[in-house]
Amino acid sequence: LVGQRSSSAMAQAGSPILEGLTEVATLASSCPLPHLADGSTTGLRHHTTAAASKELKRAAFMQQPNEAHVALAPYQALPVTGPIAFRTGESRQTELPVLEPDAASTPEEREARINEVIERYIKKLQERTAHHMGYPYNLDFNYGALESLTKYSINNLGDPFIESNYGVHSREFEVGVLNWFARLWEIDEEEYYGYITTCGTEGNLHGIYVGRENLPDGILYASTESHYSVFKAARMYRMEAVKVSCLATGEIDYEDLRAHLLANKEKPAILNVNIGTTVKGAVDDLDKVLDILKDCGFTEDRFFIHCDGALFGMMMPFLNKDAPMVTFKKPIGSVSVSGHKFIGAPVPCGVVITRFKYVMALSSDVEYLNSRDATIMGSRNGHAPIYLWYTLTQKGYEGMQADVERCMRNAHVLKNMLQSAGIKTMLNELSNTVVFERPLEESFVRKWQLACEGDIAHVVVMPNINIEKLEEFLQDLVQSRARVSIAAAKSVSTVARALEAQL
């Protein structure tokens with residue numbers, strides 16, 4: 001194996017699948033590494049202009065002691081509790097200025113300028129879409145037939161099941177999509193409540209919100225590899241939260257969960273169960289969690305389970321395996337998925353379903369809408385339900401199952417390809433997320449838009465990723481690793497020459 005990080009660094013990052021590797025080379029960053037400040041922005045918000053704010057931030061950053069400066073790769077995500085990064089150079093997001101009308105130019109010339117900007121942006125999107133491997137978005141969709149809808153301000157504000165005074169909506173599409181998911185997760189139409197969300201995070205916020213409103217003194221339990229939005233919800237709702245440790249696969253540690261539940265058995269439990277973790281794609285076993293709750297003395301009126309199925313919650317119902325299925329026939333409280341991930345959509349969106357009896361705790365009348373509302377948002381994108389309805393209607397359950405089977409098959413193909421190239425790899429049984437050694441070349445990580453954490457990276461095999469794309473990716477990865485090896489060998493020879501010159 002060539003060009004990998006030191007075993008000590010891997011141990012610190014907690015990557016058991018990479019244990020035993022030894023360091024060969026470390027390349028210099030292809031982008032300037034910014035520093036981290038301590039996040040102090042006192043006084044900055046009192047300045048009104050963007051330029052003044054930018055200069056004050058820079059000045060505040062430069063006044064920080066050197067000990068507070070930590071190198072951060074441009075593509076790395078910041079720790080949730082870490083300081084703010086003031087990024088400069090290539091790693092800083094550039095702005096696209098708004099084009100003010102030029103009195104000296106004709107309307108046709110102004111339109112040509114705008115079209116030129118848009119055409120350049122489209123070319124950028126085409127290139128970035130062609131090298132998209134690290135994030136769970138299905139880019140294989142075509143909503144050209146719906147383009148005429150963009151001229152309408154479609155807003156599904158308020159309750160999706162009740163007409164409001166605002167008539168330009170798509171509630172009929174939304175309820176159709178919700179009923180499709182209700183059948184998927186086995187709950188009667190009269191017994192559920194749900195809506196089309198803006199994203200998977202809103203689904204988590206809503207599910208945990210419903211749990212908190214029904215069990216006000218409940219403690220939130222979630223694994224350390226849960227999506228960051230779960231603990232964001234705990235902070236927003238001022239909930240007591242317990243982080244449960246994980247197994248090496250990313251699955252929740254059931255014995256640690258049991259220990260925490262027993263230690264707090266006097267309080268109700270609100271649990272987040274992951275149906276596919278963000279980094280390793282691990283699925284928490286819902287049946288084991290339910291058994292542990294029963295063993296610890298929690299009756300069904302003293303716990304609420306939210307299932308975060310952002311990506312894999314949409315896929316698991318179609319697997320022909322003996323998997324711990326997510327269904328409302330089991331005593332769960334809510335399920336959420338992202339719509340733009342596996343289904344695919346040009347806008348972020350999602351679906352959340354809960355039991356109607358639970359949502360009554362947070363539903364309220366809104367007089368000026370002539371409706372009720374139990375959602376997180378007020379105004380909701382009315383185009384998103386139409387996109388979801390369009391794809392689900394075209395594909396149906398059988399089409400979705402074919403997509404799932406192809407993704408799972410290609411995930412195993414990629415795993416075998418990586419292993420054949422001598423690259424350490426991990427793939428959970430119930431997952432389309434292939435985890436492997438983090439590439440050292442930042443240019444490669446940025447080109448393929450890989451999601452990295454510590455010393456691992458992953459590829460999420462979605463419907464738009466075919467075998468040809470996997471071949472292109474692997475060839476590029478092998479060449480990247482070879483460049484690292486060559487750089488390592490040359491560094492050794494450079495040191496040898498220097499020593500020889502001193503003899």
Side-chain angles (χ1 to χ4, degrees), residues 182 185-188 191-194 203-227 229-247 251-277 282-310 313 316 323-337 352-363 374 376:
W185 293 323
E186 300 181 305
I187 184 170
D188 291 339
E191 295 181 2
Y192 86 86
Y193 177 86
N204 288 342
L205 293 177
H206 190 270
I208 295 170
Y209 180 35
V210 173
R212 200 282 304 271
E213 291 301 284
N214 282 273
L215 300 172
D217 58 339
I219 298 175
L220 175 64
Y221 298 88
S223 77
T224 54
E225 296 209 16
S226 296
H227 190 261
S229 62
V230 173
F231 295 105
K232 176 193 289 187
R235 293 192 299 273
M236 289 175 64
Y237 304 147
R238 297 295 189 265
M239 297 174 65
E240 183 179 353
V242 173
K243 290 187 177 182
V244 183
S245 61
C246 284
L247 305 176
E251 192 174 352
I252 194 169
D253 186 325
Y254 301 101
E255 291 310 308
D256 192 43
L257 173 62
R258 183 191 303 273
H260 285 299
L261 287 171
L262 289 173
N264 300 286
K265 62 185 306 180
E266 75 284 354
K267 288 190 175 182
I270 302 171
L271 298 95
N272 178 79
V273 171
N274 292 310
I275 315 301
T277 56
V283 175
D284 297 337
D285 191 322
L286 175 60
D287 295 336
K288 285 185 180 179
V289 171
L290 289 170
D291 288 342
I292 291 171
L293 284 165
K294 183 178 180 180
D295 292 345
C296 293
F298 285 84
T299 54
E300 292 184 11
D301 62 334
R302 296 190 63 246
F303 69 80
F304 182 97
I305 295 177
H306 170 68
C307 298
D308 177 10
M316 201 159 80
M325 289 298 175
V326 174
T327 168
F328 280 93
K329 290 183 177 180
K330 301 174 183 178
I332 62 173
S334 58
V335 185
S336 64
V337 296
V352 63
I353 298 284
T354 187
R355 298 182 189 273
F356 185 77
K357 65 179 182 180
Y358 290 148
V359 84
M360 298 308 294
L362 56 147
S363 181
I376 296 289

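The figures here come from the full heavy-atom set of this structure, side chains too, leaving out hydrogens, waters and symmetry mates. From a predicted model like this one, the values you see are computed outputs, not experimental measurements.
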Just wondering, do [Y] and [X] contact through their side chains at under 4.5 Å, heavy atoms?
{"X": "F356", "Y": "Y192", "result": "no"}
{"X": "I305", "Y": "P331", "result": "no"}
{"X": "Y193", "Y": "I353", "result": "no"}
{"X": "Y358", "Y": "F304", "result": "yes"}
{"X": "L215", "Y": "D301", "result": "no"}

Which pair of non-hydrogen atoms, one from [X] and one from [Y], has the smallest distance, and what is that distance?
{"X": "G333", "Y": "T354", "answer": "O-OG1, 2.7 Å"}
{"X": "F328", "Y": "I187", "answer": "CB-CB, 3.7 Å"}
{"X": "W185", "Y": "V326", "answer": "CD1-O, 3.8 Å"}
{"X": "I275", "Y": "G309", "answer": "CB-CA, 3.7 Å"}
{"X": "G207", "Y": "S334", "answer": "CA-OG, 3.5 Å"}
{"X": "L362", "Y": "A374", "answer": "CD1-O, 3.6 Å"}

Exercise for the section: Show your working on side-chain contact (heavy atoms from CB on, under 4.5 Å) between I332 and T327 and close with a plain yes or no. Expected result: CA-CA 8 Å; I332 62 173; T327 168; over 6 Å; no
Rounded distance (nearest 0.5 Å) linking atom [atom1] of [X] with atom [atom2] of [Y]:
{"X": "D308", "Y": "S336", "atom1": "CG", "atom2": "OG", "value": "5.0 Å"}
{"X": "K243", "Y": "L220", "atom1": "NZ", "atom2": "CG", "value": "11.0 Å"}
{"X": "E266", "Y": "R302", "atom1": "CD", "atom2": "CZ", "value": "8.0 Å"}

Practice task
Look at the aromatic rings of H260 and Y221 and report parallel, tilted or perpendicular, splitting at 30° and 60°.
Solution key: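 Ring orientation, 0 to 90° scale: tilted.
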Problem - Side chains of H306 and N204, donor plus acceptor under 3.5 Å - result: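 Yes, N204 and H306 have a side-chain donor paired with an acceptor closer than 3.5 Å.
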Exercise for the section: Determine which pairs satisfy salt bridge (Lys or Arg N to Asp or Glu O under 4.0 Å) with at least one residue from residues 208-219, sequence neighbours left out, and list them in order. Expected result: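 For residues 208-219: none.
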Practice task
State whether E240 and K267 are salt-bridged, where the test is any N-O pair (Lys NZ or Arg NE/NH1/NH2 against Asp/Glu carboxylate O) under 4.0 Å.
Solution key: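 Yes, this pair counts.
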Exercise for the section: Evaluate the criterion side-chain contact (heavy atoms from CB on, under 4.5 Å) for residue pair F231 and N272; output intermediate values, then yes/no. Expected result: CA-CA 10 Å; F231 295 105; N272 178 79; over 6 Å; no
Practice task
I would like to know whether F303 and L261 meet side-chain contact (heavy atoms from CB on, under 4.5 Å); could you show each step before the answer?
Solution key: CA-CA 11 Å; F303 69 80; L261 287 171; over 6 Å; no
Side-chain donor/acceptor pairs under 3.5 Å, residues 282-298, sequence neighbours excluded:
from, atom 1, to, atom 2, distance (Å)
D284, OD1, I252, N, 2.9
D284, OD2, N274, N, 2.9
D284, OD2, N274, ND2, 3.4
D285, OD1, D287, N, 3.0
D285, OD1, K288, N, 3.1
D287, OD1, K330, NZ, 2.8

Practice task
Would you confirm whether D253, through its side chain, and S245, through its main-chain N or O, come within 3.5 Å as a donor-acceptor pair?
Solution key: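 Not at all, since once roles are kept as given, no pair shorter than 3.5 Å links the two residues.
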Handout entry: Full working for side-chain contact (heavy atoms from CB on, under 4.5 Å) between I208 and V230
Key = CA-CA 8 Å; I208 295 170; V230 173; 3.9 Å; yes
